[in-house]
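As structure tokens, the structure follows; a few thoughts come after it.
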Amino acid sequence: MGNPLEGSRGPGYFNESVPLSFVGPPHRGYLPAVSYTDGLNPRQQQAVAHFRGPLVVFAGAGSGKTRVITHRVAQLVGEHGVAPWRILAVTFTNKAAGEMRERLAQLLPSGADDLWVGTFHAVCARLLRRYHEEASVRRDFVIYDDADQKAMVTRILRDMGLDERRYHPRMVAGAINRSKQEGRGVDRFEAGDDFERVVAEIFRIYDQRMQDCGALDFGDLIFRLVDGMRNNPDLLSALQDRFEYVLVDEYQDTNHLQYLLVQMLCERSRNLCVVGDDDQSIYRWRGADRRNILDFTTHFPDATMVKLEQNYRSTKRILRVAHAVVSRNVDREPKELWTDNDEGPRVTLIGCRDERDEAATVVKGMEMLLEAGYARREVALLYRTHAQSRVFEEALRYSELPYRVIGGVRFYDRAEVKDLLAYLRVVHNPDDDVSLLRIINTPTRGIGKTTITRLLDAAAREGVSVWKALQAADSDANQSSSAKKALGRFRALMGTLRELAEQGEGPARIAEVALDETGYLAVLQDEDTAEADARVDNLREVVGSMFEFERDAEEGTLAAFLELVTLQTDVDRIDDDDAITLMTVHAAKGLEFPIVMVAGLEEEMFPSRGAGPDDDPEELEEERRLAYVAFTRAEQRLFLSYALTRRVYGELKYRRPSRFVEEMPREELELVGETSTPRPGRSFGAGRSYGGSGYGGGPGGGRVARQRFQPPAEPPESRVPSGDSYVDSNEVSDVDGVVLRAGMRVRHKKFGIGEVYDVGDGIPPRVTVIFPGWGKKTLVSNYLEPA
DNA sequence: TCCGAATTAATTTTT
DNA sequence: TTAATTCGGA
């Protein structure tokens with residue numbers, strides 16, 4: 001950020017680009033002799049000094065937004081004497097909340113403990129617990145994440161006997177979530193077509209089941225509070241009273257439901273301050289509505305508007321390139337960032353043959369930068385989708401460069417971690433069906449499919465949770481005696497664990513006993529594979545984090561831990577290791593790095609498919625904003641790369657550089673590498689597939705373990721000099737009905753040689769082949785080769 | 001009931 | 001290509 005106005009102004013001021021852990025001991029108790037607006041530019045000062053009434057701050061990338069928010073809060077408390085607990089500051093991520101709290105702790109002598117700082121979800125969860133009666137929710141509700149939600153929906157679909165192809169669990173869950181995001185309930189679908197009426201029916205059962213389980217999904221956390229305020233004037237009044245000042249960060253990414261919440265909270269006080277940047281709105285697909293910030297002055301005609309357009313982060317060149325792309329958007333508030341920073345070097349555009357060439361070149365570039373004196377932590381690689389990370393990880397491991405991947409399979413989503421947490425969740429709330437069903441036979445303990453089906457039948461019959469059905473299983477005539485025995489053992493096991501909880505043991509101790517008593521740990525240890533070891537490590541880490549939690553948290557209870565964990569994402573877990581950071585552009589929002597590399601600047605990739613000319617133009621505009629976010633993460637140098645050829649699901653695809661590249665001013669770019677377009681139909685050293693040569697060991701390779709300081713891997717094969725001798729082994733998949741024709745002879749690994757009967761469609765084409773002795777088989781063309 | 005094999009589905013983006 | 005789920009045999 002390097003605000004020239006700040007720098008070495010003495011304690012109490014620090015450069016925002018320096019991670020907090022580097023700042024040294026917090027200056028707790030220190031109050032600047034000057035005012036909270038000192039050292040800020042006039043616009044920033046205006047925003048900070050604003051006291052009462054609505055305020056909207058358009059804060060461009062790197063314009064010192066966080067500084068403004070924290071200083072404003074500090075000003076409210078320190079200068080206007082507002083009680084900290086009457087201020088609510090909502091952020092987008094837990095990490096942002098943590099940073100804000102930390103900075104405020106340094107600015108305020110009284111500390112930041114009493115302030116309400118958190119994400120919408122975390123804040124609402126906390127309020128729902130406090131006002132559970134008024135909002136009609138269970139005090140001990142558990143939070144279901146997307147996977148839990150999907151499991152719940154799937155179970156309902158099966159119970160209803162619906163075709164899961166037509167009613168896709170993800171789609172149904174999406175519909176349910178969308179309706180909540182709009183602030184509406186089941187009624188959203190009741191008047192719809194046949195399909196929507198079925199969704200409404202699923203929705204109703206879903207709500208009922210969730211209630212029986214004492215569970216709330218992410219959407220519920222906000223929806224139930226808003227709904228409670230709508231239906232209960234006492235609750236509305238209590239909350240309006242409680243929060244005298246409300247601040248919302250990243251307001252451009254709020255959805256309608258969040259908008260409603262904020263409106264209701266501030267209706268009385270009107271002390272609402274929203275901060276955001278419509279150019280950085282990148283969550284439309286999740287219901288975010290840029291209108292919220294763009295129309296703020298319509299909602300509040302008396303609002304003060306402040307625009308922060310001075311950027312303290314990037315070079316002039318980087319800003320020009322970013323602006324060139326985003327300014328193509330039609331639907332946007334016109335504005336342009338400017339900076340006093342250096343002109344800087346040109347943006348480097350790297351053309352590559354294929355994705356492996358891209359990885360090798362990018363990593364080579366990183367090595368050069370590191371040699372030139374940059375620290376690993378100063379380098380970030382951004383991509384559009386997680387799937388892109390793999391080749392880069394391989395290249396980085398080969399080069400023995402420490403790296404970390406943010407996102408992807410979230411730590412708390414790993415199977416073994418979820419299993420352990422499921423035990424704890426059932427201990428906390430045995431009616432939690434999804435968790436109970438997850439662990440009832442994990443590790444296997446003789447409770448098979450039939451037993452579970454009978455148990456579920458009994459639960460449905462009685463209209464009770466699975467746990468309650470489990471209690472009554474002994475008198476269920478449908479259950480065999482051996483099944484009853486197994487169920488009894490499981491009951492006893494959970495009884496032991498629940499007793500621990502009742503005795504006031506914390507999550508860590510319960511987890512240890514659970515891993516021990518269930519034999520879960522022993523099963524893994526017996527496996528004795530690299531993957532199992534990694535899983536054991538992960539479990540250790542979870543238990544370790546529980547101990548840490550018990551030691552540090554204000555309230556180290558099981559309930560508190562479970563809540564924290566479900567609302568936690570990987571972005572929140574960026575640590576201090578000196579490693580290169582890999583993440584999606586979405587995950588990078590709000591971060592900054594001296595060096596930023598953005599990979600995969602190709603059509604269909606970035607902009608992603610679905611943003612094409614036939615599609616919703618809004619999609620393309622969002623892709624542009626996404627590119628804008630990516631580029632403006634960079635402080636000093638920006639590298640962009642694309643591959644002319646890429647393997648998508650093992651299928652070779654020819655790619656064109658992204659239209660965004662065309663949109664950039666030529667003179668700002670420095671071109672490197674391959675720029676010619678390859679001709680389809682000729683192999684040109686795309687390299688052979690790895691063919692499961694054991695990279696990283698086990699499914700998902702190194703993804704099982706946390707991504708840090710990986711051992712060296714085998715050399716990525718793009719290092720092998722490529723030449724004409726390399727023929728793409730999957731050539732047959734490039735068929736599209738041209739290469740593969742009915743009547744052709746093909747070979748399959750298992751079925752041997754057969755004759756093509758029919759060529760169907762599908763993304764990898766489906767081909768029907770008659771194999772002598774096997775009959776007619778429909779297969780994905782990838783697994784066939786010409787014979 | 002359990003395990004390995006076969007099939008098939010999936011690729012944006014996440015609180 | 002890979003991960004997840006279903007299938008089929010013991």
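Proteins come first, then strands; the chains are lettered A, B, ... in the order of their sequence lines, and each starts at number 1.
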Heavy-atom closest pair, residues A/Y628 and A/T632: O-OG1, 2.7 Å
d(CG, A/N177; P, B/dT13) in whole Å: 17 Å
Rounded distance (Å) that lies between atom P of B/dT12 and atom CD1 of A/I406: 22 Å
Integer-rounded Å distance: B/dT1 P and A/I452 CD1: 9 Å
A/D220/A/K180 salt bridge by N-O under 4.0 Å criterion: yes
5'-most by nearest nucleotide on DNA chain B - A/A483 or A/L626: A/A483
Atom pair distance, as rounded to whole Å: CZ in A/R390 and P in C/dT2: 5 Å
Sugar-phosphate, base or nothing in reach of A/G219, heavy atoms under 4.0 Å: nothing
Sugar-phosphate, base or nothing in reach of A/R158, heavy atoms under 4.0 Å: sugar-phosphate
Length of the line joining A/Q252:CD and B/dT13:P, which is rounded to integer Å: 20 Å
Polar pair under 3.5 Å, donor/acceptor by atom type, side chain A/R647, base C/dT1: no
Side-chain donor or acceptor of A/R129 paired with backbone N/O of A/A125 under 3.5 Å: no
Which nucleotide in B/dT12, B/dT14, B/dC2 has an atom nearest any side-chain atom of A/T444: B/dC2
Pairwise side-chain contact, A/V417 with A/V565, heavy-atom cut-off 4.5 Å (strictly under): no
Base-pairing assignment for B/dT12 (Watson-Crick or G-U wobble, both under 3.5 Å): none
Closest-nucleotide ordering on DNA chain B, the 5'-leading residue of A/G448 and A/H586: A/G448
Given B/dT13, B/dT1, B/dT12, the nucleotide with the shortest approach to the side chain of A/S608: B/dT12
Mutual orientation of the aromatic rings belonging to A/Y283 and A/F92 [parallel < 30°, tilted 30-60°, perpendicular > 60°]: tilted
A/H386 side chain near B/dA10 phosphate (N/O to OP1/OP2, under 4.0 Å): no
Any donor-acceptor pair under 3.5 Å from A/E563 side chain to A/I143 backbone: no
Residue A/N441, side-chain atoms from C-beta onward, closest of B/dC2, B/dT13, B/dT14: B/dC2
Touch class at under 4.0 angstrom, heavy-atom based, for A/Y283 against every strand present: sugar-phosphate
Separation of atom NE2 in A/H168 from atom P in B/dA9, rounded to whole Å: 8 Å
Short side-chain N/O contact from A/H121 to OP1 or OP2 of B/dT14, under 4.0 Å: no
Distance test, side-chain N/O of A/T451 to OP1/OP2 of B/dT1, below 4.0 Å: yes
Rounded interatomic separation in angstrom, taking CG from A/L221 and P from B/dT14: 19 Å
d(CZ, A/R170; C1', C/dT5) in whole Å: 15 Å
B/dT12 pyrimidine/purine six-ring stacking with A/W285, under 5.5 Å and 30°: no
